[in-house]
Amino acid sequence: MSLKRLMTIERHIIEQQKEFPAATGEFSALLYDIAFAAKVISRDVRKAGLVDILGYTGSENVQGEQVRKLDEFADEVIFKAMDHTGRLCCMACEEREEIIPIPEDFKCGHYVLLYDPLDGSSNIDANVSIGTIFSIHRKISPGERGTKADCLQPGNKQVAAGYVIYGSSTLLVYTAGRGVHGFTLDPTVGEFLLSHENIQIPPRATIYSVNEGNTNNWEEGMQRYIEYIKTPDKATGRPYSSRYIGSLVADFHRNLLYGGVFLYPADKKSPQGKLRVLYEANPLAFLVEQAGGLASDGRQRILDIQPVDLHQRTPLLIGSREAVKEAEEFLQGKR
Ligand code: AHG
Ligand code: MN
Ligand code: MN
C-alpha cells in the first residue's frame with residue numbers, strides 16, 4: 001500500500017488548515033463532522049432493500065416533489081450530526097422551506113451549512129448512484145443566531161463545498177479553495193482515505209450529459225448546441241459521447257474525471273431551470289472552478305448569482321472549460 005493511501009480526510013483537512021495561520025480548528029472539525037454524517041448515510045444506503053428504507057414517505061417537500069424515505073433519513077442524519085457541535089449558526093436544505101435554526105440548548109458557531117441531503121432521489125430504488133451535496137459559508141450577520149441573510153450569500157463567498165457519492169464505493173470530494181480532493185471510504189476501518197489528489201478537469205469535453213427528452217422545450221440556441229455536439233468533427237473530437245445518469249453528483253463526478261459538460265438549461269417546463277442555486281449549483285460550481293473548469297447559467301458565472309430565495313433555481317452549464325464557453329456562445333446567439 002502506498003503512503004498516499006494512509007492520508008485520512010481528517011489529517012488532510014488539518015494539513016491544509018496549517019496554511020491558514022488564523023484558523024481555529026473549528027472549520028476542520030466541521031468538515032470532519034460532514035464526513036461522519038456521510039459514513040452514517042453510506043452505511044444505511046448500503047442496507048437499502050434489506051431494511052424498510054426504500055420508497056416514498058407519502059408527503060411532498062417544499063419543491064412539491066414526493067419525499068422518499070432516504071431523503072428524509074439523510075436530512076435527519078446531517079441535521080443531527082451538525083446541530084450540537086457549536087460550529088454552525090444555522091443550516092438550510094433542499095427539503096425544508098425555512099432556514100434550520102440551531103436548537104436553543106446548543107451554542108452557535110461561525111459557519112453556515114447548506115445541503116442537498118440526497119441527490120438523485122429518483123434513482124434510489126433502482127440501485128443507481130446517489131449522493132449528498134454540501135456548501136459552507138461564513139456567518140455574516142450580527143448576533144449569535146444565524147439568519148436567512150447568512151444563507152443567501154453568493155457562491156463566490158463559499159469557504160468549502162463538496163459531495164459524497166454512494167456508488168460502487170463511497171467517495172467524498174471536497175474543496176476548501178485549495179484544489180479538489182477525493183477520498184474513498186474504506187469500510188473495513190471506517191475512514192475516508194485520499195484516493196484522488198488535486199483533481200483537474202480536462203479542458204475539453206468528450207462527454208455531454210443532458211436530459212435530451214426535454215429537447216422540444218429548450219430554447220433554440222440550446223437545441224443548436226446539442227446538434228453541434230453530435231455533428232462529427234475530428235479536430236474538436238465530436239461527436240461527444242452521451243452519458244446521463246439523472247443523479248447530478250454522479251453525472252458531475254464522471255465528467256470531472258473524464259472531461260465533459262453537464263447541462264440543465266431553462267426550458268418551457270422550468271423557465272428558471274430545475275437545479276437549485278444554494279444546494280446544487282453553487283457547491284458544484286466552486287468545485288469545478290477549483291478543478292479548472294467553468295459553471296455558468298448561460299449568461300453569467302454561477303458563483304456570481306446573488307440569491308434572493310432559499311430555493312431559487314438556475315439553469316446550469318457545468319464542466320470542461322472549452323465546452324462550457326461554447327455552450328454559452330450558442331445560448332447567447334453568438335454562434
Ligand atoms: P434531487 O434528487 O436532489 O431532487 O435532485 C434532482 C436532480 C439531479 O440530481 C438531476 O441531475 C436532475 O434532477 C435530473 O432531472 P431530470 O429527471 O429532469 O432529468
Ligand atoms: Mn439534487
Ligand atoms: Mn435531494
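We number each residue from 1, following the sequence as shown. We count ligands from 1, going down the list as the structure has it; atoms in each ligand are counted the same way.
The distance from the Mn ion (ligand 3) to the nearest N/O/S atom of Asp116 is under 2.8 Å. For residue Glu95, no N/O/S atom approaches the Mn ion (ligand 3) to within less than 2.8 Å. The Mn ion (ligand 3) has no N, O or S atom of Pro117 closer than 2.8 Å. Among the atoms of Glu280, an N, O or S atom is found under 2.8 Å from the Mn ion (ligand 2).
Neither the backbone nor the side chain of Tyr279 comes within 4.0 Å of ligand 1, counting heavy atoms alone.
The closest side-chain donor-acceptor pair between Arg46 and Thr170 falls under 3.5 angstrom.
In terms of protein heavy-atom proximity, atom 10 (C) of ligand 1 is nearest to Gly246 O, 3.4 Å. Distance from atom 18 (O) of ligand 1 to its nearest protein heavy atom, with residue and atom name: Tyr264 OH, 2.5 Å.
Ligand 1 places these atoms under 4.0 Å from at least one heavy atom of Ser121: 2 (O). Close approach of ligand 1 to Phe262 is summarised as follows: ligand atoms under 4.0 Å from at least one heavy atom of the residue are 11 (O). The Glu280 neighbourhood of ligand 1 comprises atoms 3 (O), 5 (O), with distances under 4.0 Å to a heavy atom of that residue. For ligand 1, the atoms sitting less than 4.0 Å from at least one non-hydrogen atom of Leu248 are 8 (C), 9 (O), 10 (C), 11 (O), numbered in the order shown with element in parentheses. Listed by number with element, the atoms of ligand 1 under 4.0 Å from a non-hydrogen atom of Ser247 are 9 (O). Atoms of ligand 1 found under 4.0 Å from any heavy atom of Glu94, numbered from 1 in the order shown, are 3 (O), 4 (O).
Taking a 6.0 Å sphere around CZ of Arg145, one finds it holds more than 12 heavy atoms contributed by other residues, nucleotides or ligands. Surrounding NE2 of His110 are at most 12 heavy atoms belonging to other residues, nucleotides or ligands under 6.0 Å away. Annotation: Phe106, atom CZ; neighbour count of heavy atoms from other residues, nucleotides and ligands within 6.0 Å is above 12.
Salt-bridge check for Arg301 with Glu289: passed, with a basic side-chain N closer than 4.0 Å to an acidic carboxylate O. Residues Arg224 and Glu219 are not paired through a salt bridge, judged by the lack of any N-O separation under 4.0 Å between the basic side chain and the carboxylate. A salt bridge does not link Lys80 to Asp83: none of the charged side-chain nitrogens sits closer than 4.0 Å to a carboxylate oxygen. Under 4.0 Å is where a charged nitrogen must lie from a carboxylate oxygen, and between Arg87 and Glu26 no such pair does. Ion pair Arg11/Glu15 flagged as a salt bridge, since at least one NZ, NE, NH1 or NH2 atom sits closer than 4.0 Å to an Asp/Glu carboxylate oxygen. Using a 4.0 Å cut-off between charged side-chain N and carboxylate O, Asp75 and Arg96 make a salt bridge.
Between the choices Leu118, Thr132, Asn211, Asp116, the shortest heavy-atom distance to atom 16 (P) of ligand 1 belongs to Asn211. With Lys269, Lys274, Glu212, Arg276 as candidates, the residue nearest to atom 13 (O) of ligand 1 on a non-hydrogen basis is Lys274.
Between His196 and Phe183, every side-chain heavy-atom pair lies at or beyond the 4.5 Å cut-off.
The name of the N, O or S atom in Asp119 nearest to the Mn ion (ligand 2) is OD1. In Glu94, the N, O or S atom that comes nearest to the Mn ion (ligand 3) is OE2.
Considering backbone and side-chain N/O of Gly120, one or more are found under 3.5 Å from N/O of ligand 1. Between Tyr244 and ligand 1, at least one pair of N/O atoms sits closer than 3.5 Å. Residue Asn214 places no N or O, backbone or side chain, under 3.5 Å from any N or O of ligand 1.
Tested against Tyr163 for a ring-ring contact (aromatic ring centres under 6.0 Å, His included), the candidates Tyr174, Phe134, Phe252 yield a single pass: Phe252.
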